Amino acid sequence: MKRKQILVLIALVAVFALALTACGSDDADGQANTDLPLGLASWSMDVTTWSSPNGATVNLAATPNSYSKGQTAAFIVRLEGEEVENVPCEWKDKQYIASADLNAADGYCYYVLLTDTDGTQLEVPVNTPTAITDESLINMESALNSYCDLTVETSSFDGGKLSITKGQVQVQPPRITNAGQTITCSEAVLILTFNGEEISREALTLPQAGSDGRYVLDIAGTAFSVPSMEDDQQLSLRLDVTLSNGQSLSAPGGTWFYSGGDLLSAVG
């Protein structure tokens with residue numbers, strides 16, 4: 001009976017040892033070592049904005065095809081063919097993690113350089129002009145900045161009214177924002193001034209923003225009453241915009257001067 005118990009105990013120990021051996025084939029984070037080729041299974045990038053549009057921090061998370069202890073990765077950023085950042089990645093939660101602080105510029109290219117335990121290396125493009133995953137991170141300077149534009153192509157003056165017969169308004173909030181944040185246009189107003197003093201304003205109802213966050217509005221038909229004018233006196237039109245983050249934007253649209261009973265366009 002005792003011998004039988006000993007045999008059962010030995011069998012249990014053997015099973016337990018096999019289980020430990022199976023667990024030992026995984027790395028410390030539980031990522032199984034496989035024979036998949038060196039490469040990335042997936043990756044993602046997000047951005048942390050600075051207090052000014054002078055730059056932003058780009059955060060990388062990349063999952064390799066497989067992982068063995070001793071493998072490494074680096075987050076590489078190039079601008080105009082020159083390497084501007086080479087950040088060693090941290091292995092965390094079965095991913096390579098890294099962050100790069102980048103000044104505002106257009107033309108960035110992003111790569112992950114993988115190095116295997118035997119020294120074999122592979123550079124994987126994760127966001128470049130020829131393999132775009134996020135255009136705003138490539139053209140960071142353009143995407144960090146916001147702008148508005150007022151174009152008055154043609155206008156008419158009749159019966160004391162200035163009418164825009166062909167024109168357009170554009171508003172572009174910044175396309176790079178923190179994760180979960182969306183900046184929109186809260187208010188857009190056309191303001192007419194007479195000799196530098198505001199005499200009229202027209203609040204605009206902008207359509208839904210496009211996929212790039214840009215608002216575009218046709219302003220043909222917009223009209224303003226004009227006071228009695230003397231020769232060489234001027235009218236000017238501008239666009240004032242307020243974004244949801246409190247930022248204010250402004251753009252000139254056109255200037256008209258009075259001469260011999262006619263209102264003539266000086267700009268536009």
Side-chain angles (χ1 to χ4, degrees), residues 36-67 71-92 94-116 119-149 151 168 170-185 208-216 243 245 247 249 251:
L36 291 174
L38 193 65
L40 294 180
S42 63
W43 61 84
S44 64
M45 287 186 287
D46 61 36
V47 181
T48 305
T49 61
W50 298 353
S51 58
S52 72
N54 297 331
T57 301
V58 179
N59 309 301
L60 167 77
T63 303
N65 289 337
S66 61
Y67 178 80
Q71 289 180 340
T72 61
F75 184 31
I76 295 176
V77 185
R78 296 191 180 98
L79 179 63
E80 296 181 353
E82 297 293 326
E83 186 175 283
V84 294
E85 288 291 338
N86 188 327
V87 183
C89 294
E90 177 187 1
W91 179 249
K92 183 179 180 182
K94 301 180 184 179
Q95 290 182 313
Y96 288 120
I97 306 294
S99 296
D101 295 330
L102 302 176
N103 293 323
D106 288 344
Y108 281 116
C109 298
Y110 303 84
Y111 306 85
V112 174
L113 178 63
L114 300 169
T115 303
D116 210 342
T120 302
Q121 290 189 318
L122 176 67
E123 186 173 82
V124 181
V126 293
N127 193 14
T128 69
T130 56
I132 298 174
T133 56
D134 189 337
E135 185 273 334
S136 65
L137 295 184
I138 293 173
N139 297 314
M140 179 180 288
E141 184 172 20
S142 300
L144 281 169
N145 287 306
S146 51
Y147 70 87
C148 65
D149 182 68
T151 302
Q168 188 182 75
Q170 293 187 42
V171 179
Q172 175 68 73
R175 290 180 291 134
I176 288 182
T177 59
N178 290 329
Q181 179 188 32
T182 301
I183 298 176
T184 61
C185 179
Q208 186 175 354
S211 59
D212 59 356
R214 186 167 57 105
Y215 299 84
V216 180
L243 302 181
N245 64 348
Q247 184 180 4
L249 307 172

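Quick caveat: nothing in here was measured; it's all calculated off a predicted structure.
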Undergrad: Could you tell me if Thr151 and Gln168 have a donor-acceptor pair between their side chains, going purely by distance under 3.5 Å?
TA: no
Undergrad: Do Val124 and Leu114 have side chains that get closer than 4.5 Å, going by heavy atoms?
TA: yes
Undergrad: For residues Trp50 and Leu102, report the shortest heavy-atom separation together with the two atoms involved.
TA: CH2-O, 3.6 Å
Undergrad: Can you name the nearest heavy-atom pair linking Leu36 to Ser66, along with the distance?
TA: O-OG, 3.6 Å
Undergrad: Once rounded to the nearest 0.5 Å, what's the spacing between atom CG of Asn54 and atom OG1 of Thr49?
TA: 12.0 Å
Undergrad: So, taking the atom named CE in Met45 and the one named OH in Tyr110, what distance separates them when rounded to the nearest 0.5 Å?
TA: 6.5 Å
Undergrad: CG of Asp116 to CD of Gln71: how many Å apart, nearest 0.5 Å?
TA: 4.5 Å
Undergrad: Regarding Asn178 and Thr48, do their side chains bring together a donor and an acceptor under 3.5 Å, going by distance alone?
TA: no
Undergrad: What are the two closest heavy atoms between Pro173 and Tyr215, and how far apart are they?
TA: CG-CE1, 3.9 Å
Undergrad: Whether the side chain of Asp101 engages the backbone of Thr57 through a donor-acceptor N/O pair (distance < 3.5 Å, no angle test) should be reported.
TA: no
Undergrad: Please answer whether the main-chain N or O of Asp106 pairs with a side-chain N or O of Ser142 as donor and acceptor at a distance below 3.5 Å.
TA: no
Undergrad: Taking all heavy atoms of Ala62 and all of Pro64, pick out the closest pair and write down the distance.
TA: O-CD, 3.7 Å
Undergrad: Do the non-hydrogen side-chain atoms of Ile138 and Pro129 ever get within less than 4.5 Å of each other?
TA: yes
Undergrad: Less than 4.5 Å apart, side chain to side chain, heavy atoms only: is that true for Ser99 and Leu60?
TA: no
Undergrad: Measuring from Leu38:CG to Leu122:CG, what's the distance to the nearest 0.5 Å?
TA: 5.0 Å
Undergrad: What's the separation between atom CG in Leu144 and atom OG in Ser146, rounded to the nearest 0.5 Å?
TA: 10.0 Å
Undergrad: With a 3.5 Å cut-off and no angle check, do the side chains of Trp43 and Thr63 form a donor-acceptor pair?
TA: no
Undergrad: Could you go through residues 72-83 and list every donor-acceptor pair under 3.5 Å that involves a side-chain atom there, pairing it with any protein atom two or more places apart or in another chain?
TA:
unit_1 : atom_1 : unit_2 : atom_2 : d
Arg78  : NH1    : Glu123 : OE1    : 3.2
Arg78  : NH2    : Glu123 : OE2    : 2.9
Glu83  : OE2    : Asn86  : ND2    : 3.3

Undergrad: List the steps, then state whether side-chain hydrogen bond (donor to acceptor under 3.5 Å, both in side chains) holds for Glu135 with Asn139.
TA: CA-CA 6 Å; Glu135 185 273 334; Asn139 297 314; 2.5 Å; yes
Undergrad: Taking Asp134's backbone N and O only, do any of them form a donor-acceptor pair with Asn127's side chain (distance below 3.5 Å, no angle check)?
TA: yes
Undergrad: Spell out, as yes or no, whether a donor-acceptor pair under 3.5 Å connects the side chain of Tyr147 to the backbone of Gln170.
TA: no
Undergrad: Can Leu249 and Leu243 be said to form a side chain to side chain contact (heavy atoms under 4.5 Å, CB included), step by step?
TA: CA-CA 8 Å; Leu249 307 172; Leu243 302 181; 4.1 Å; yes
Undergrad: Show your reasoning for whether side chain to side chain contact (heavy atoms under 4.5 Å, CB included) applies to Leu137 and Ile176.
TA: CA-CA 8 Å; Leu137 295 184; Ile176 288 182; 4.2 Å; yes
Undergrad: Is there a donor-acceptor pair closer than 3.5 Å between any side-chain N or O of Thr177 and the backbone N or O of Gln181?
TA: yes
Undergrad: With a 4.5 Å limit on heavy-atom distance, are the side chains of Met140 and Val58 in contact?
TA: yes
Undergrad: Output, in order, the C-alpha distance, side-chain angles, deciding distance and verdict of side chain to side chain contact (heavy atoms under 4.5 Å, CB included) for Asn65 and Leu40.
TA: CA-CA 5 Å; Asn65 289 337; Leu40 294 180; 5.6 Å; no
Undergrad: Nearest 0.5 Å, what's the CD-SG distance between Gln247 and Cys185?
TA: 11.0 Å
Undergrad: Which atom names give the shortest non-hydrogen contact between Ile183 and Pro174, and what distance separates them?
TA: CD1-CG, 3.6 Å
Undergrad: Please lay out, stage by stage, how Thr184 and Thr182 fare under the test side chain to side chain contact (heavy atoms under 4.5 Å, CB included).
TA: CA-CA 6 Å; Thr184 61; Thr182 301; 4.0 Å; yes
Undergrad: So, does Gln172 use its side chain to make a donor-acceptor pair with the main chain of Asp212 at under 3.5 Å?
TA: yes
